[in-house]
Amino acid sequence: MTNTKVKIEAAGLESRVFLCKLESTFPSGWKTLKQVGETIANHHRIKNGRRTRGTVNIFCTPELEEAKNHAKRCRNSFDLLNPSWDGGMRIVSKNRIDSHWEWADSVTAENQSLFNIAIESILEQKERDRIELSEGEDGSVYDVSLYPSEEALRDKYSFEFKLGVIPDPSQDVRVGSSPEQVERFRRELMSQQDQIAQEAHLTLVKRVEEQLLRVIDRMDKYNGKKEGSFNDTLLPNLVQIATVMRDVNIYNDPAVDQIATDAILKFKDIGASDLRSDEGQRDSTKQEAKVLVAGLANLKSSKY
């Protein structure tokens, strides 16, 4: 591809994509206790008590940790597949709107179920502590105030997909402002949005490039042994991220569509077993990937 600069603008995005982000919060289960910090300070002879802080696991049960880890995995999967926008938002193509919300509803229900199990485990932990800590020669050390109620636990929990809006600088008008102020606002908003769009575009192109380079590296090093080995998902992952690049296509650039489509068509029907058993297939796959990497160079230029 040539490096001829053309003027392509990130316009009409609101008709092709939408913004979304996954946010989640959970009760901690860990409590900072002053007396624990004082014990540490006394034991180590630290005069400045502010240098010591002691935290105790009051009710962070394995079940609560699993709910938190599930949320992290979901957020990582969502962020990995969808390019970033401003304010922590991710860009989702409207071509994928049905599959997106089907997945979002599924993982939301799954996390809510895990959190319900976590609440049961926390209440059981509270009861065990009440029994165990209320006994002993030194009397009760059970402090009920350290354990929140079920209602308080639920108030601290959230797992939701929040939608954002891509502003249209050509339509947004500040009521009551002078024409000069309105025009200045539009220019500034367009400039900011162009910068955000460029960063999102380059991030997505880099993701495709990284996956292609990984394919090249694995095809070059594979020798049937552990060194140079690759997972069955090597090419499916490439096809998936190429599909995202094609569907989002921030600048509606035919070159983006062409490279993404080429990657999808060239690699979607190649099986991992074929690559492992056929040296010729590995070599042709490596060469095809190199051609696409070269084609991506122009997509990282300043033509946008």
Side-chain angles (χ1 to χ4, degrees), residues 17-33 55-134 142-166 203-204 207 211 231-234 236-241 243-244 247-248:
V17 303
F18 64 96
L19 302 182
C20 186
K21 68 177 176 179
L22 171 56
E23 289 188 349
S24 62
T25 57
F26 294 85
S28 169
W30 290 83
K31 181 76 173 179
T32 299
L33 298 177
T55 58
V56 177
N57 182 359
I58 303 298
F59 61 84
C60 191
T61 63
E63 291 80 3
L64 179 58
E65 281 293 290
E66 176 53 30
K68 292 179 180 180
N69 290 333
H70 175 267
K72 292 178 183 177
R73 293 194 297 270
C74 292
R75 186 162 50 250
N76 289 340
S77 297
F78 180 65
D79 290 353
L80 186 65
L81 183 60
N82 301 290
S84 62
W85 192 255
D86 192 37
M89 288 286 180
R90 317 300 289 192
I91 307 171
V92 183
S93 167
K94 288 184 177 179
N95 290 341
R96 297 181 50 251
I97 191 168
D98 290 339
S99 61
H100 164 75
W101 287 117
E102 181 180 357
W103 176 80
D105 291 343
S106 174
V107 297
T108 299
E110 185 176 359
N111 193 265
Q112 290 172 346
S113 176
L114 289 172
F115 187 67
N116 287 334
I117 295 173
I119 286 181
E120 292 179 7
S121 73
I122 292 169
L123 297 179
E124 290 172 358
Q125 180 67 56
K126 179 180 179 180
E127 180 61 15
R128 285 195 299 270
D129 287 350
R130 184 190 68 78
I131 296 173
E132 295 174 3
L133 299 178
S134 296
Y142 176 69
D143 185 353
V144 67
S145 67
L146 296 177
Y147 303 82
S149 65
E150 179 176 347
E151 182 181 5
L153 288 170
R154 293 191 182 281
D155 285 343
K156 290 181 178 294
Y157 168 74
S158 69
F159 184 98
E160 58 182 326
F161 290 84
K162 293 187 176 181
L163 294 176
V165 178
I166 297 180
T203 298
L204 191 52
R207 289 271 314 285
Q211 198 64 36
N231 296 328
D232 292 352
T233 56
L234 179 66
N237 286 345
L238 170 58
V239 170
Q240 184 182 51
I241 192 60
T243 302
V244 172
D247 290 346
V248 172

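Every heavy atom of this structure was used, including side-chain atoms; hydrogens, water molecules and symmetry mates were not. We're numbering straight along the sequence, starting at 1.
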Indicate the atoms forming the closest heavy-atom contact of [X] with [Y], along with that distance.
X	Y	answer
A118	S121	O-OG, 2.6 Å
V17	S93	CG1-CA, 4.1 Å
D79	R90	O-NH2, 2.7 Å
R154	N116	NH1-OD1, 3.0 Å
L153	P148	CD2-CG, 3.5 Å

Nearest 0.5 Å, please: how far is [atom2] in [Y] from [atom1] in [X]?
X	Y	atom1	atom2	result
F115	I117	CZ	CD1	12.0 Å
T243	L238	OG1	CG	9.0 Å
L146	K31	CG	NZ	6.5 Å
K126	I131	NZ	CD1	13.0 Å
N69	L64	CG	CG	9.5 Å
F59	I119	CZ	CD1	10.5 Å

Strictly distance-based, threshold 3.5 Å: is any side-chain N or O of [X] a donor or acceptor partner for the main-chain N or O of [Y]?
X	Y	value
N57	C60	yes
D143	S145	yes
T25	K156	yes
T233	P236	no

Any side-chain heavy-atom pair of I58 and W30 under 4.5 Å: no

Contact check, side chains of W85 and P83, non-hydrogen atoms, under 4.5 Å: no

Should the pair [X]-[Y] be classified as a salt bridge under the 4.0 Å nitrogen-to-oxygen rule?
X	Y	answer
R130	E127	yes
K21	E23	yes
E63	K68	no

Exercise: do T203 and S84 side chains pair donor with acceptor under 3.5 Å: no

Exercise: do Q125 and D129 side chains pair donor with acceptor under 3.5 Å: yes

CA sep, side-chain torsions, deciding dist, call: L19, V165, side chain to side chain contact (heavy atoms under 4.5 Å, CB included): CA-CA 6 Å; L19 302 182; V165 178; over 6 Å; no

Centroid-centroid distance, F159 to F26, less than 6.0 Å: no

Check against side chain to side chain contact (heavy atoms under 4.5 Å, CB included), I241 and L204: CA-CA 8 Å; I241 192 60; L204 191 52; 3.8 Å; yes

Verdict with supporting geometry, Y157 and N111, side chain to side chain donor-acceptor pair (under 3.5 Å): CA-CA 11 Å; Y157 168 74; N111 193 265; 2.8 Å; yes

Listing, residues 99-110 side-chain donor-acceptor contacts under 3.5 Å, not counting sequence neighbours, or none:
unit_1	atom_1	unit_2	atom_2	d
S99	OG	R96	O	3.0
T108	OG1	A104	O	2.7
E110	OE1	H70	NE2	3.3

From CA spacing to verdict: side chain to side chain contact (heavy atoms under 4.5 Å, CB included), I97, V92: CA-CA 7 Å; I97 191 168; V92 183; over 6 Å; no

Residues forming a side chain to side chain donor-acceptor pair (under 3.5 Å) with D232, sequence neighbours excluded: R276

Option passing side-chain contact (heavy atoms from CB on, under 4.5 Å) with F78 (candidates N82, L80, L81, N76): N82

Salt bridge (Lys or Arg N to Asp or Glu O under 4.0 Å) between K72 and E65, worked out: CA-CA 10 Å; K72 292 178 183 177; E65 281 293 290; over 6 Å; no

